[in-house]
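Order of listing sets the numbers, starting from 1, for every ligand and every atom in it.
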Amino acid sequence: MPIFSKITKDDVIKAFQDRFGGEPDFWVRTPGRVNLIGEHTDYNGGYVFPMTISRSVWMGARARNDGKMRVYSVNYDSELTCDLRAQLVKNQDIWFEYIKGCAWALQEEGRPLAGFDAVLMGDVPMGAGLASSAAMEVTSLLTFSEIGEYELSGQKLAKLGQRAENQWVGVQCGIMDQTICALGQEGKALLIDCNSLEHRLFELPYGTAVAVLDTVTRHSLAASAYNERHEQCEEACRALGIPLLREATQEMLYAGRGGMTDVVFHRARHVISENLRVQTAANALFYNDADLFGKLMNESHWSLRYDFEVSCEELDAMVDIARKHESCLGARMTGGGFGGSVVALLSVMSAGTFAGYVSERYQEKTGKVPNITICRATNGGRVERKS
Ligand code: GLA
């Protein structure tokens, strides 16, 4: 099973040389993430428990003095330019919009923007529920701040990235992805309170490993279904007279059930139970209880499948298959849902045959070849200069 990133800084430097000639002044690397537990809780002010992965989005950049930003995307084989001194305008070049959205968010904060040439490349699979967008946002923000010679804290990076995605790209995402991509640390998972943004690092239980199982299924309605779930949670809050679902208890929900539709009731029930599961999962890690952590992951999948209804056939099939292997302590869909990936907690003692077992059965069942990776958490977004 592949563990390490496919891209290195030498690849980024080479790509820059090929495109623009000469070397970049610096390069930035930001990892994607996998969420262990706590799904669709972030925009409800709740708790999440992600860790970074060893797949990343990279940018190599060199300042230019005419205020233009020119970016070549290696993955899309496409180069786009815009003038950072003029009014920024939205258009259809979706990958570039994430970068422009970050420029806009910085402008709104009154930060100076200076021009640069850059190459962009990454090995975080897109649409796989592994936060390739957030990794690109944090990478872009770090590039702007390095060129502009100012610093942005991890929390500031997260807030700016989320703002770009909410208000420029138009996805009403929460703050989990940008926070972990900016603040993640090697070998650790991060418990985040998405209301206060307080966070705490945890070691994974001794003798376990985290596997990411990409179903290679992507559903085009994912963004609109995501925004719909967000609205349904807000509807539940209105019915319960609270600002955020984080404040609701099961008792309050059942007492207020008459004031909401069945669908809204089930959405809220997921969020409330998931918040409890994340807090229990943190205790489980504290006591090194891998079995309990796995059990909570299984319960989380049930709730996402039946109450929140963001799973799909392929995710359910992958979860079922993974759980049948002897090394699997728990498995669930991860990320926004409607395709993408499953995360599984494995006991390393018997994990040797896991990837082959899952891959074969998933192919038999769906006809698709999955991407199976064992994850190693790497440091969050970082800038490195030429020495
Ligand atoms: C996407 C969003 C996150 C979060 C998850 C679901 O990854 O970007 O903010 O809401 O979905 O937990």
Side-chain angles (χ1 to χ4, degrees), residues 30-53 55 57 98 101-102 124-138 155 157-184 189-195 197 199 212 214 218-219 221-234 244-246 267-268 270-275 277-278 281 296-297 300-301 303-305 307-312 315 332-343:
T30 307
R33 66 97 188 94
V34 59
N35 189 18
L36 300 174
I37 193 159
E39 221 63 83
H40 290 275
T41 45
D42 60 350
Y43 53 84
N44 290 296
Y47 299 93
V48 293
F49 217 145
M51 65 181 238
T52 47
I53 57 177
R55 300 290 184 92
V57 172
Y98 285 91
C102 291
V124 185
M126 280 173 266
L130 302 175
S132 57
S133 317
M136 180 141 125
E137 288 150 14
V138 172
Q155 287 189 358
L157 287 168
K159 285 186 182 156
L160 287 164
Q162 184 196 24
R163 184 163 186 204
E165 192 152 343
N166 289 170
Q167 295 180 33
W168 190 270
V169 180
V171 177
Q172 297 311 312
C173 67
I175 195 140
M176 163 171 69
D177 299 352
Q178 293 79 4
T179 306
I180 178 69
C181 292
L183 289 171
L190 192 69
L191 172 69
I192 309 166
D193 175 337
C194 296
N195 203 25
L197 291 192
H199 49 272
V212 171
D214 181 358
R218 315 282 185 252
H219 290 284
L221 290 177
S224 60
Y226 183 93
N227 288 348
E228 183 192 66
R229 295 300 182 284
H230 196 150
E231 282 158 24
Q232 289 163 338
C233 292
E234 286 173 354
L244 284 169
L245 270 182
R246 165 203 181 90
R267 303 295 186 250
H270 161 72
V271 175
I272 298 167
S273 65
E274 185 79 349
N275 268 330
R277 277 188 291 274
V278 180
L296 292 161
M297 290 171 81
S300 167
H301 187 77
S303 182
L304 287 158
R305 179 174 178 178
D307 271 351
F308 218 66
E309 294 183 283
V310 286
S311 190
C312 65
L315 285 167
R332 56 181 285 277
M333 54 151 279
T334 187
F338 306 102
S341 304
V342 161
V343 57

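- Contact atoms of ligand 1 toward Asp42: 3 (C), 4 (C), 9 (O), 10 (O) (distance under 4.0 Å to a heavy atom of the residue).
- Side-chain contact between Glu274 and Ile37 is present, with at least one heavy-atom pair separated by less than 4.5 Å.
- Nearest non-hydrogen protein atom to atom 10 (O) of ligand 1 is Tyr226 OH, 2.5 Å.
- Every atom of ligand 1 is numbered from 1 in the order shown, and the set under 4.0 Å from a heavy atom of Tyr43 is 10 (O).
- Residue Met176 approaches ligand 1 through these ligand atoms, each under 4.0 Å from one of its heavy atoms: 4 (C), 5 (C), 12 (O).
- Taking 4.5 Å as the limit, some side-chain heavy atom of Cys194 sits within range of a side-chain heavy atom of Val48.
- At least one N or O atom of His40 sits closer than 3.5 Å to an N or O atom of ligand 1.
- Residue Thr179 comes nearest to Ala158 through the heavy atom pair OG1-CB, 3.5 Å, listed as atom of the first residue, atom of the second, then distance.
- Checking Glu39, Gln172, Gln178, Arg33 against atom 6 (C) of ligand 1, the nearest heavy atom belongs to Glu39.
- The residue from Asp177, Thr52, Thr334 that alone fulfils the side-chain hydrogen bond (donor to acceptor under 3.5 Å, both in side chains) condition with Arg33 is Asp177.
- For the side-chain hydrogen bond (donor to acceptor under 3.5 Å, both in side chains) with Glu39, the lone residue among Arg332, Arg277, His270 that qualifies is Arg332.
- At a threshold of 4.5 Å between non-hydrogen side-chain atoms, the residues Val310 and His40 count as touching.
- Using a 4.0 Å cut-off to heavy atoms of Gly174, the atoms of ligand 1 that qualify are 9 (O).
- Close contacts of ligand 1 with Cys173, meaning ligand atoms under 4.0 Å from a residue heavy atom, involve 2 (C), 8 (O), 9 (O).
- Annotation: side chain of Ile192 is in contact with side chain of His199 (closest heavy-atom distance under 4.5 Å).
- The shortest N/O to N/O separation between Asp177 and ligand 1 falls below 3.5 Å.
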